[in-house]
Structures are given as structure tokens and as C-alpha cells.
Number of protein chains: 2
Amino acid sequence: MTGRNGFTVWLTGLSAAGKSTIGRLVAAELERRGALVEVLDGDVVRTHLSKGLGFSKPDRDRNILRIGWVASRLTRAGAAVVVSAISPYRDTRREARAFVEEHGTFVEVYVATSIEECERRDPKGLYQRARAGEIAEFTGVSDPYESPEHAEIEIHTEGRTPEESAALVMAKLEELGLVPAEAIA
Amino acid sequence: MTGRNGFTVWLTGLSAAGKSTIGRLVAAELERRGALVEVLDGDVVRTHLSKGLGFSKPDRDRNILRIGWVASRLTRAGAAVVVSAISPYRDTRREARAFVEEHGTFVEVYVATSIEECERRDPKGLYQRARAGEIAEFTGVSDPYESPEHAEIEIHTEGRTPEESAALVMAKLEELGLVPAEAIA
């Protein structure tokens, strides 16, 4: 993990799919293996990059392109970037990918939790509020989610612990040569 | 220039003071000496980070804090970041400095070109338009510029070429131990 071989792991999926949880576990494991890791997820991004943006398509696109651009700069600088963002639009994810691929590898991780399962989890009560009409433009309820067609990895979280899902991501990063495989003790 | 000793060179000053010109020369010299350089100046920032923001104090502050936050992430990743931004408010520059200093050195460069000289240069005709009332909230004309009190270096550009000004910045970076001094041939 020397030199400047930056990459970006981009977790996309519905609200409550498990993106941030899996992303944090992947980030911790990357750090343990010596990477300089930068996590760009919802709260950080809404505070430091995208305050004032809403959930219309133009605002969502702007948010995603902004994250993609920052991820590309950090990838160029050699960081391992972990992004967790609903990022519902295929074309916009493609643009974020193009930014990053100028400087390193882009690994799209589709956290493919079904909407039924996301609604069952609903940790913040957002689906309930969206169904009640209290939140407009809610992805999966009143706003589209375009699932990836060519994600580097698709993770079915149902019946898996977050740790097991994170291990699948790490295995893919090893397979892509982005992190060294762990020596067997 | 090994390891991850990132830093940020932050050029502040009036419009047409010479910030971007000096910044580009410093960036080129840093690259020549082996640094991974990232330039954050007006056009890049307005396109990728701050599209939609205007020139009110809250919008200017948001723009500067956003640049400061991105600079801090890149500094953390070990980059040499060169920011050129009017950044007229002392408190906001201080906040940007605080972000960066969590991870590396912040070098404030006050490009101290007088407003008379900036108006004389006026490469984009902006001062003329501001004086004619066609641009509101124009720094130095209808909006304040709070000059730095504790900049690491203050550069008087009048009577100096941009190359000479850039050399002063490089000398300061050497003095601070951020770049190795050039061997004398």
C-alpha cells in the first residue's frame, strides 16, 4: 500500500440499505491494512460540501457530482476513499465514476437491499414519514432509484451480517489488486 | 517529499492582485520538486464545489469553508494544496486554517497588491464594472477586504515579476521545512 494508488469505493443503494454501516467497516479494515482512508458519507457531505442542497433531481445530481469530484481529487492524492450515498441516478453515478477513473480505480458497490427490507428496518422512521406524505422526493417511495447494471460488486445484505458484507467488499478489493491479500497465519 | 506531509498554501488578496498567477507558478515549482500538487482556485471551485453560490457574506463564507474543508482532506492525504481565493473575511480564513491545521501546515500568503494597482491592471474589466454599479458586492469597491494580520508571508507584487513573487513563497516553504531547499549546482 505504498505509492499513490488511490481508489474510490462507492456504495450506492436505498436509504437504510446498510451503505454507511458497511462503508465504516470497510474503512476500518482498510485503515488496519495501512491505507490512508477518507470516508465521505451523508452527514460529512451535507455539512461540508452540500449544505443548502435539497432532494430535487438537479440538487441530488449536484451533490453526487460534488462528492465524485472530491473523491477524484483524493484518489489522485493516493487515498482510499469510501463513499456512501444513495446516488439514485445511473447517469450521475457514471459521471462520478468518470471523474475518479481519471486518477484511479472506481469500485461501485451496489448494496442491494430490497425496499421491503429497508422499510422493515427504517431506523430513522423515514419510510414511514415518506409513506405518510411528510417527506417529498423520497428515494424508492416517491422518487426513483436506478439500480446499477455494471457494479463491480452487488451485495445482498439480507441474511448477512454487516461484517460479512464488508468482507465481500474487501475480497473484491483484493481481487482487483487494490489491497494486498491478508497472509494466512 | 516522501510520506504524507501535506500542507496548504492559501493565497488571499483582492481581485487582480496576482493570486492565481503566483499560485500557478508555485504549483509548477512544487511539482518540479516532486510534490503531488492540487490547485484549488476560482474557476475549479466555482464549477465543482460552489456552483450556485453568490457573493453575499454567507455565500462567500460557505465557499471559503468548503474550499478549506477540501484543502484539509487533501492535506491529510499528503498533497501540497495551492488555494487562490479572495477570501476577504479574517474569521473565515481562520476557520479554513483551523480545518487544515488538524492535518498539516497552513501557509497564509497575503498577496498585498494595492487596490489602486489592481484597478489599474483590471484584466477582466471587473473594477470598471463595479465602479459603474454593474457588479454588486465587489471586494474592495462595495464589499470589505480584511487584510491578514498574521499571514506567514506578505508579498508586495508591485515592482516584482510574478516569478519573483513565487520565489518568495518557495523560500518561505523551504524555511518552514515543507519543501527541501534546492541543492546549489
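Relative ring orientation between B/F99 and A/H48 is described as perpendicular, the plane-to-plane angle rising above 60° on a 0-90° scale split at 30° and 60°.
For the side chain to side chain contact (heavy atoms under 4.5 Å, CB included) with B/I86, the lone residue among B/T139, B/N63, B/D143, B/I64 that qualifies is B/T139.
Looking at A/T47, there are no atoms closer than 4.5 Å to chain B (heavy atoms on both sides), in backbone or side chain. For a residue to count as touching a neighbouring chain, one of its non-hydrogen atoms must lie under 4.5 Å from one of that chain's; by this rule B/L74 touches chain A with backbone and side chain alike. Heavy-atom distances place no part of A/I67 under 4.5 Å from chain B, backbone and side chain included. For B/R62, the part lying near chain A is the side chain, with the backbone staying farther off; criterion is any non-hydrogen pair under 4.5 Å.
Taking the ring centroids of A/Y89 and A/Y145, they lie at or beyond the 6.0 Å cut-off.
No hydrogens or angles considered: a donor-acceptor pair under 3.5 Å links the side chains of B/H156 and B/E154. Remark: the B/S165 side chain and the B/T157 side chain contain no N/O donor-acceptor pair separated by less than 3.5 Å.
If you tally non-hydrogen atom pairs under 4.5 Å between each of A/L53, A/V37, A/V70, A/L49 and chain B, the highest count goes to A/L49.
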